[in-house]
Every structure is written in structure tokens, then in C-alpha cells.
S.K.: 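Sharing a structure below in C-alpha cells format, with a few things to ask.
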Amino acid sequence: MAWDWQVFCKETTTGEVVAGCLGGKGDQTYLNWILSAWGWTLGVALSALVVALVMGLVMGTLRTLPNSPWLVRLGHAWVELFRNIPLLVQIFLWYFVVPGIFPAFKSVPSVVLVIIALGLFTSARVAEQVRAGIQSLPRGQRYAGMAIGLTTTQTYRYVLLPMALRIVIPPLTSESMNIVKNSSVAFAVSIAELTFFARQSGEETSAPVEMYLAVTVLYAISAFAINRVMKVIETRTRVPGFVAAGGMGGGH
């Protein structure tokens, strides 16, 4: 098979090859387009990750509160709701159903609705990891905080959460990588991200192999970069000697 990588230097409307592969004076090449699509993918993924981390932290914490059964049930309901409905269905619900019920959402850009759907979907998984991180801590840490006069809120803020968040960095790394891949469903509502680009440009250029390969490489680069960043964070925040299965201890 002969590869036609010069296709990325072609102008998107005329199909003519542009010197330097970058368009100018209003022209756009497929290279310009794929870089723009990559930007949309990263923008959607990172924005959704912020939503997921905030809501996941809140709901995961609620699931471990002592003497607060209603808040615990709220956390459980949140997780079960958002993790048991397929992501694509959630995006369609936010895009088609929610604006019909709440007219104010009709003016919300579709990219914001995708960010909300993807963020809430991922927040259920983050909440599970936060819950597991908190519950992996020795009970003595909670009791110690209470013994020195800290309120429940203060105990979580100053004692439990700082430790638990360090513990769950490895699983959060996987979720951060997954959210980049899951952002591909945004093509279903015509967000011009990488998957949308690959399908559209492949049809226009009759070079789908080159387009999908290029998109695959960009997804891999994105995931690898996130993995490296999270690895650095994990290394710098690691709790020395902590044994996640039950408490603190030395190495084996």
C-alpha cells in the first residue's frame, strides 16, 4: 500500500497542495484541521476532568461520612446513576432531552453539554476511588482528629483527604487517560474533535487510513503525556511507608 502523507498538506476546499503544509490567507489544510481537532479533544477532556474531580471528590467523601445516612445514600445514588447509563446515552440526554425540559439549556453551546455529560459520567468512577482511598486509611486517623477537637469537616479537610488523595493518584491516572479516549463520543453531536475529523476528512480525501493513523498517534501522545504528568505528581506526593491495604508500615 502506498501511503499518501502529503494529504495533510492539501487545502480542505480545493484539494491543492499548500507549500509548508500550513494554510494562509483564510485557507486551511488538513494539517491545520487536525491540530485544531486535537485542541478541541484536549479542551473537552481537561474541562470534563475538572468537573469529574470536583464532583467525584464531593460524592466520594459523602459516601464515607459517619452518622449521615442520607448523605451516604445521596453519594451511592449518584454513583449508581451515572456509571450505569452508557456515556453516549448521557450525551444524547443532555443534548436533546435536557434542553426540552429546561429551555435555558437551549442557549448552552453543545461543547459545554458534552463536557457536563463526560464530567458527570467520570465523576462516578472518581467517587468510587475517593471512597476507597478514604476507607483504606486506618480508623485511628479519624479518631485522632476527633480526639484533638477537630470537627468532622476539619478531620476530612486536614487529616483524611490529603492522605486519601495521594493514595488514589494511580487509579486517577487511568481515569485521566480514559477521559481523553471517551471524549471521542463528542463526534456524535458534531463537535470537531479528533474522531469527527478522522471520519469527515477520510470521506473527503479518500485517505481514511492515513487520517485514522494520524488521529491514533495523537490520542496515544495525549494519553502518554497525561501518564507522565500524573507519574511525576504521584512520585512527589507519595506517602512514605504507607500500606494501602490497612495502614502505615515499612517496606517489605
Side-chain angles (χ1 to χ4, degrees), residues 42-85 87 90-91 94 112-146 150-183 223 225-239 242-248:
L42 294 178
V44 168
L46 294 177
S47 300
L49 182 60
V50 172
V51 174
L53 291 176
V54 172
M55 296 307 302
L57 177 62
V58 172
M59 294 301 166
T61 301
L62 290 183
R63 299 182 71 193
T64 65
L65 289 177
N67 306 318
S68 301
W70 287 106
L71 292 178
V72 172
R73 292 191 185 101
L74 173 62
H76 288 328
W78 182 278
V79 171
E80 294 304 320
L81 174 65
F82 286 105
R83 76 175 179 180
N84 289 321
I85 301 176
L87 175 57
Q90 292 191 40
I91 287 179
W94 279 97
V112 175
L113 298 177
V114 169
I115 289 171
I116 293 173
L118 182 55
L120 297 185
F121 173 81
T122 308
S123 73
R125 302 173 63 88
V126 173
E128 274 287 88
Q129 292 154 8
V130 171
R131 176 197 61 79
I134 294 174
Q135 292 181 341
S136 72
L137 297 173
R139 291 186 179 181
Q141 294 196 15
R142 185 194 300 266
Y143 297 148
M146 298 171 62
L150 296 181
T151 64
T152 298
T153 300
Q154 290 172 330
T155 300
Y156 272 87
R157 179 179 178 182
Y158 297 114
V159 180
L160 301 180
L161 286 177
M163 185 78 75
L165 291 178
R166 296 180 185 183
I167 296 170
V168 300
I169 287 178
L172 286 181
T173 299
S174 297
E175 291 307 322
S176 300
M177 296 167 66
N178 284 337
I179 207 168
V180 174
K181 295 179 287 185
N182 288 340
S183 67
I226 290 174
N227 180 275
R228 292 296 89 195
V229 170
M230 295 297 286
K231 185 65 176 178
V232 170
I233 296 175
E234 178 186 357
T235 301
R236 293 185 177 181
T237 60
R238 180 179 293 125
V239 181
F242 182 78
V243 181
M248 307 295 293

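Just so you know, these numbers come straight off a predicted model, no measurement behind them.
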S.K.: Anything under 3.5 Å between a donor and an acceptor, one on a side chain of residues 66-76, the other on a protein residue two or more places apart or in another chain? List them.
M.R.:
unit_1, atom_1, unit_2, atom_2, d
Ser68, OG, Pro66, O, 3.4
His76, ND1, Arg63, NE, 2.8
His76, ND1, Arg63, NH2, 2.9

S.K.: Ignoring hydrogens and geometry, is there a side-chain-to-backbone donor-acceptor pair from Thr64 to Thr61 under 3.5 Å?
M.R.: yes
S.K.: Determine the minimum heavy-atom distance between Gln141 and Val159, stating which atoms define it.
M.R.: O-CG1, 3.7 Å
S.K.: Would you confirm whether Gln154, through its side chain, and Thr151, through its main-chain N or O, come within 3.5 Å as a donor-acceptor pair?
M.R.: yes
S.K.: Restricting to salt bridge (charged side-chain N to carboxylate O under 4.0 Å, His left out), what partner residues turn up for Arg228, sequence neighbours left out?
M.R.: none
S.K.: Between Leu161 and Ile134, does a side-chain contact (heavy atoms from CB on, under 4.5 Å) hold up when you go through it step by step?
M.R.: CA-CA 7 Å; Leu161 286 177; Ile134 294 174; 3.8 Å; yes
S.K.: Please round to the nearest 0.5 Å and tell me the distance separating atom OG1 of Thr153 and atom CG of Leu65.
M.R.: 8.0 Å
S.K.: Would you compute the distance between atom CG of Leu81 and atom CZ of Phe121 and round it to the nearest 0.5 angstrom?
M.R.: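 That separation rounds to 11.5 Å.
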S.K.: Could you give the distance from CZ (Arg142) to OG1 (Thr155), rounded to the nearest 0.5 Å?
M.R.: 8.0 Å
S.K.: Who are the side-chain hydrogen bond (donor to acceptor under 3.5 Å, both in side chains) partners of Asn227, not counting sequence neighbours?
M.R.: none
S.K.: Between Arg131 and Glu128 (salt bridge meaning N to carboxylate O under 4.0 Å), is one present in this structure?
M.R.: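 Salt bridge flag = yes for Glu128 with Arg131.
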S.K.: Looking at Ser123 and Met55, what are the two nearest heavy atoms and their distance?
M.R.: CB-CB, 3.8 Å
S.K.: How long is the span from the CD1 atom in Ile91 to the CD1 atom in Ile115, to the nearest 0.5 Å?
M.R.: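 Result: 11.0 Å between the selected atoms.
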S.K.: Using every non-hydrogen atom in the two residues, find where Val126 and Leu57 come nearest and quote the distance to one decimal.
M.R.: CG1-N, 4.4 Å
S.K.: How long is the straight-line distance from CE of Met163 back to OG1 of Thr237, given to the nearest 0.5 Å?
M.R.: 11.5 Å
S.K.: When you look at CE of Met230, are more than 12 heavy atoms from neighbouring residues, nucleotides or ligands closer to it than 6.0 Å?
M.R.: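 More than 12 within 6.0 Å, yes.
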S.K.: Please round to the nearest 0.5 Å and tell me the distance separating atom OH of Tyr156 and atom CG of Leu62.
M.R.: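 Taking OH in Tyr156 and CG in Leu62, the distance rounds to 9.0 Å.
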S.K.: With side-chain contact (heavy atoms from CB on, under 4.5 Å) as the test, would you mind laying out the steps for Asn182 and Leu118 before giving the verdict?
M.R.: CA-CA 8 Å; Asn182 288 340; Leu118 182 55; 3.7 Å; yes
S.K.: State, to 0.1 Å, how close Ile169 and Leu165 come at their nearest heavy-atom pair, and which atoms those are.
M.R.: CG1-O, 3.3 Å
S.K.: Search all heavy atoms of Ala164 against all heavy atoms of Gly133 and return the closest pair with its distance.
M.R.: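 Heavy-atom minimum between the residues: CB-C, 3.7 Å.
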S.K.: Determine, stepwise, if the pair Val51 / Leu120 fulfils side-chain contact (heavy atoms from CB on, under 4.5 Å).
M.R.: CA-CA 7 Å; Val51 174; Leu120 297 185; 4.1 Å; yes
S.K.: Closer than 3.5 angstrom, by distance alone: can the side chain of Glu234 be matched with the main-chain N or O of Pro170 as a donor-acceptor pair?
M.R.: no
